[in-house]
Amino acid sequence: MLTYILRRIGLAGLMLFGLVCLTFVIANIAPSDPAALAAGPDAGRSQIEQARREYGLDRPLHEQFLRYVSDLARLEFGRSIATGRPVGADLARYFPATLELCIVAMIIGLVLGVPLGMLSALHKDGPIDHFTRIFAVTGVALPPFWFGLLLQLAFAAWLGWLPTSGRLSVFTEPLEPITGLLLVDSLLRGNGGMFLEAASYIALPALVLSFPCLAQILRVNRSEMVEALRADYIVAARAHGVRPWRLVVVHALKNAMLPTLAIIGLRWGWMISSTVLVETVFDWPGTGLYAVSSAIAGDFKPVMGVTLIVGLNFMIANLLVDLLYGVLDPRLRSA
Amino acid sequence: MTNGVTRRSFLQGAAALGALAPFSSVAFERDGSRKILVFTGNQAVPVLDPHWRYDWSTRMIQQSVYDGLLKYVGTPPRIIPWLAEKYEASADGKTYTFTLVRNARFHNGDPVDAEAVRFSFERALKMNAGVAWMLKDFLKPENIVAVDAHTVRFTLDRPFAPFITYVPWWYIVNPKQVMANQVDGDLGKKWLTDNDAGSGPFKLRRFDPTALIHMDAVPDYWNGWPMGEAKRLSGVIYRIIRESAPRKAALQRREVDVMAGVTPDDFGQMERMPGVKMANFPGFTSFGIKFNCQVGPTADVNVRKAIAYAFDYDAVLAIHNGMAELMTSPFPTPITGHIAVPGIPRRDMDKAKEFLKKSAHPDGGFELEYVHVQGLEDPRRIGLSLLDSLRALNIKVNIVAQPWPTMTARAGKPETAPNMMSVYVTPVGTDPDTVAYQYHRNSWGLYYGVSHYENPAIWKLIGEARGETDEKKRMEMYAEIQRGIVADQPEIFCMMANRIWGLRDYVKDFEYSPVRSTSEVDFYPMWIDA
């Protein structure tokens, strides 16, 4: 088991290096001049050249790459050209917001997706099943930014139930972070008012972010449940007089959850990357928004930093899912 | 319990949602008897250091936190005394002596003295970023002298007529605070990124560069409050909302009091919103389609003229719902010395065909690339109109959207510059040199010099005019420059779009000055009456 884990971690490291190479190449073949942007809109040639020297952009590409990799090895992500701030510090500041958003979205996806999947399986080809099918197809098909704008219009502009964007009201002084997750921090500090406020702000973006994931969990869970409910052991259990709810929840659901778990692992990575759109629409101050604003400014160090974070999340999530499989499925434990 | 959702459970759900509502519906926040004004725009403020960086959103905050020696106000823009109560220029146009007001204080209580002014100009010149380009070819740090505590003398290397029109953008920082926070000889650059060392009407309270900036009004501001101490705001929040739909929603819900970045298409809809009034003013930012004057078919002035005559100027106005003004010169109207150049092209297909006949491609039959900023709708639509117009000349147009960093990189060389590139340019001052110099050889390769326009006679005139001290003679030179540039047609001189904001009707004394950039406003005179 240990060698398996070590091998997986080694492989993840290699993949990460590949990702570093790829992002560096993409950032540098893009025909843009970050120095000109750093120097400002009306800057003359001498200011642009100075900015180029200051950020080491005048060095040959291989030298820039070596420096970038050696910085990364020391866990330094370089400096943003637009702000001069270290990218590592920015990532540490913005990532908790993204993490919080994704966790809430994942919870929504699970809490709604699993029971709805179960319901549709139990009512296969009935009206509920058709309804959730339409719901799921829409969920996968709706572009998140468009869906986000739509919800904003409905819940914020028309109904006025929820705020339009941001993480907290602009008038609320933020807490000194403990975990960086506002919902958790406000509870830890016993600030119920702020918890509710944070919840009202996270509701819409988390819902939008959860939608594709919810839809996929729903569909996978449904088909696995349909499969499981037909299995011999269920028939046997039913013949033994096991109560229906126990049959469904304990026997069928546990077996149907395995592929759902794989979906969660996969979706986690996608979710972190789709924050790019959702955070822009809702001005959610996370890494997605950070990546977008940096990309628009031709500021590639932050973009590379975020790419690495997204890649790392994919890898860690997949690794965890593999390990969890072993826990849930005794047959895999010995393998 | 046959219906699934009972009336009771529905009401419970609605009540649960309603419980969240108090956190979402806000009007202007009260701070005691005072109000906080919330302004929203789409652009972040990455760096607050006034000598490092400026753009519209950044300078709006800089102007609030810092003071300059002079200040731009009103329409047409006037320069009024600020930290300097007066200045004198020597007859040879080389020496400027500023006398400072005596009561100005930095936010930490230190007096604003001549040394602070000297230090600030020196710092900006040494950093060679941000505003430095305006003066660095004419002013050496050692030629700025604090004569006494309230007098500063600038001696320029040679006469530079636009000098005074640039001074308002050079903000004064507190040298003691800056040097106390210096790291590795960086002149306080790192610290000033998100800290304030100013004397302006507002001081920084919270700086979150991607989300919001909160400033408190300075209670005993040295220059007083125009609305009176009783009515002044408690502070201002700049809230960044990137997409236009949520910005509108926030204004409608009174989450914000002023919204920047209203498009002409939004205008009609917003005008009908109850409690919202519109601020709609003629712009100062010129939109032009710059030709590549060195490489490709547009290197031929006859082709350029043909395109300029074929272009549908009325379509541009229609795209902006009439909220734009056509350019009558290379200079925007509020620029000193602007003339309406006689014979500046308007749509005339006969003339267009006539010019094309004189070119190397009398029957057209070539394709031109039109590049515009990705994501901007108006330039794309103008491109479509151009495509339509040029079909009559048998010229194809390939409309290409590119990110701004790519466009600036392409502008670097004539070989990479597109045949046509649409560019918005906002002059930083009202002096004619600010615009004229964009057509000088020294501007080649910068985004506004993407044309690589060549006319040594005009270049010489531009060079001479900036040093001319006789105002009348100088304006004659600029009239000639405007006529000369129009004759060479390095670009299609298009239009200046109106600048539009949406305001809640209780926001008072919103003062427009075209010289401010894009969506930039001056918070100092504003207050809330409600």
Side-chain angles (χ1 to χ4, degrees), chain A residues 30-34 36-48 50-51 80 82-85 94 145 148-149 152-153 155-167 169-171 173-174 193 196-197 199-201 203 280-283 285 289-290 292-293 295-299, chain B residues 17-21 23-26 29 36 38 44 46-47 52-55 128-130 132-134 136-137 189-190 193 206 208-212 214 237 239-243 245-250 252-253 255 402-406 408-410 412 416 426 428 442-443 445-448:
Chain A
S32 100
D33 188 354
L37 283 148
D42 305 294
R45 222 164 295 285
S46 91
Q47 285 96 40
I48 295 176
Q50 181 179 315
S80 148
T83 64
R85 271 190 289 269
Y94 298 128
F145 69 91
L149 288 173
Q152 236 166 14
L153 197 65
F155 286 98
W158 292 342
L159 296 173
W161 290 350
L162 293 167
T164 44
S165 65
R167 203 177 173 201
S169 156
V170 288
F171 304 114
E173 295 284 336
L196 281 181
E197 184 183 334
S200 75
Y201 275 84
T280 306
V281 172
F282 289 96
D283 287 283
L289 186 57
Y290 180 55
V292 171
S293 10
I296 290 170
D299 190 359
Chain B
L17 272 170
L20 295 172
F23 301 98
S24 55
S25 69
V26 280
E29 184 82 347
I36 301 173
V38 183
V47 167
W52 181 0
R53 173 75 57 98
Y54 65 86
D55 49 45
N128 195 26
W133 66 271
M134 300 176 190
K136 71 168 183 69
D137 293 337
K189 187 171 168 183
K190 188 159 179 275
T193 300
R206 187 168 148 207
D208 183 349
T210 56
L212 70 98
H214 189 165
I237 291 177
R239 175 174 170 194
I240 301 151
I241 304 182
R242 285 160 184 82
E243 295 294 316
R247 266 205 308 277
K248 274 186 288 183
Q252 189 177 359
R253 301 191 54 217
E255 277 185 35
Q402 288 187 325
W404 181 240
T406 309
T408 53
R410 289 192 66 183
T416 53
T426 308
V428 289
N442 289 351
S443 298
L446 299 169
Y447 79 94
Y448 46 73

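For the numbers below, each heavy atom of this structure counts, side chains included, while hydrogens, waters and symmetry mates do not. This structure is a prediction, so every number in the text was calculated from the model and none was measured. Residue numbers begin at 1 in each chain, while the letters A, B, ... track the order of the sequences.
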So, does B:Arg206 use its side chain to make a donor-acceptor pair with the main chain of A:Glu173 at under 3.5 Å? no
Closest non-hydrogen contact found for A:Thr164 with B:Arg239 is OG1-NH2, 3.5 Å
Honestly, the part of B:Lys189 sitting under 4.5 Å from a heavy atom of chain A is side chain
Okay, B:Lys136 and chain A: the region with an atom under 4.5 Å from a heavy atom over there is side chain
Most contact-rich option vs chain A, by heavy-atom pairs under 4.5 angstrom, among B:Pro209, B:Gly412, B:Gly445, B:Ser443, is B:Pro209
Bottom line for B:Ala250: the part with an atom under 4.5 Å from chain A's heavy atoms is both
Note: vs chain B, highest number of non-hydrogen pairs under 4.5 angstrom among A:Val281, A:Leu289, A:Val292 is A:Leu289
When the 4.5 angstrom heavy-atom criterion is applied to A:Arg167 and chain B, the contacting part is neither
Applying a strict 4.5 Å limit to non-hydrogen atoms, the region of B:Pro403 in contact with chain A is neither
Whatever's closer than 4.5 Å to a heavy atom in chain A on B:Ile241 counts as both
Those residues at least two apart in sequence (or on a different chain) that pass side-chain contact (heavy atoms from CB on, under 4.5 Å) with A:Ala157 are A:Leu153, B:Ala249, B:Gln252
Counting heavy-atom pairs under 4.5 Å with chain A, the top scorer among B:Val428, B:Ile240, B:Asp137, B:Asp55 is B:Ile240
In terms of heavy-atom contacts, B:Trp52 and A:Thr83 come closest through CH2-O, 3.4 Å
For B:Pro246 and A:Leu149 the tightest heavy-atom approach is CD-CD2, 3.8 Å
Sorted by chain and number, sequence neighbours left out, side-chain contact (heavy atoms from CB on, under 4.5 Å) with B:Thr210 holds for A:Tyr94, A:Pro285, B:Asp208, B:Arg242
Turns out that what part of B:Tyr54 lies under 4.5 Å from chain A's heavy atoms comes down to both
Practice item. Take A:Ser165 and B:Glu243, measure what side chain to side chain contact (heavy atoms under 4.5 Å, CB included) needs, and give me the verdict at the end. Key: CA-CA 10 Å; A:Ser165 65; B:Glu243 295 294 316; over 6 Å; no
Bottom line for A:Ser80: the part with an atom under 4.5 Å from chain B's heavy atoms is neither
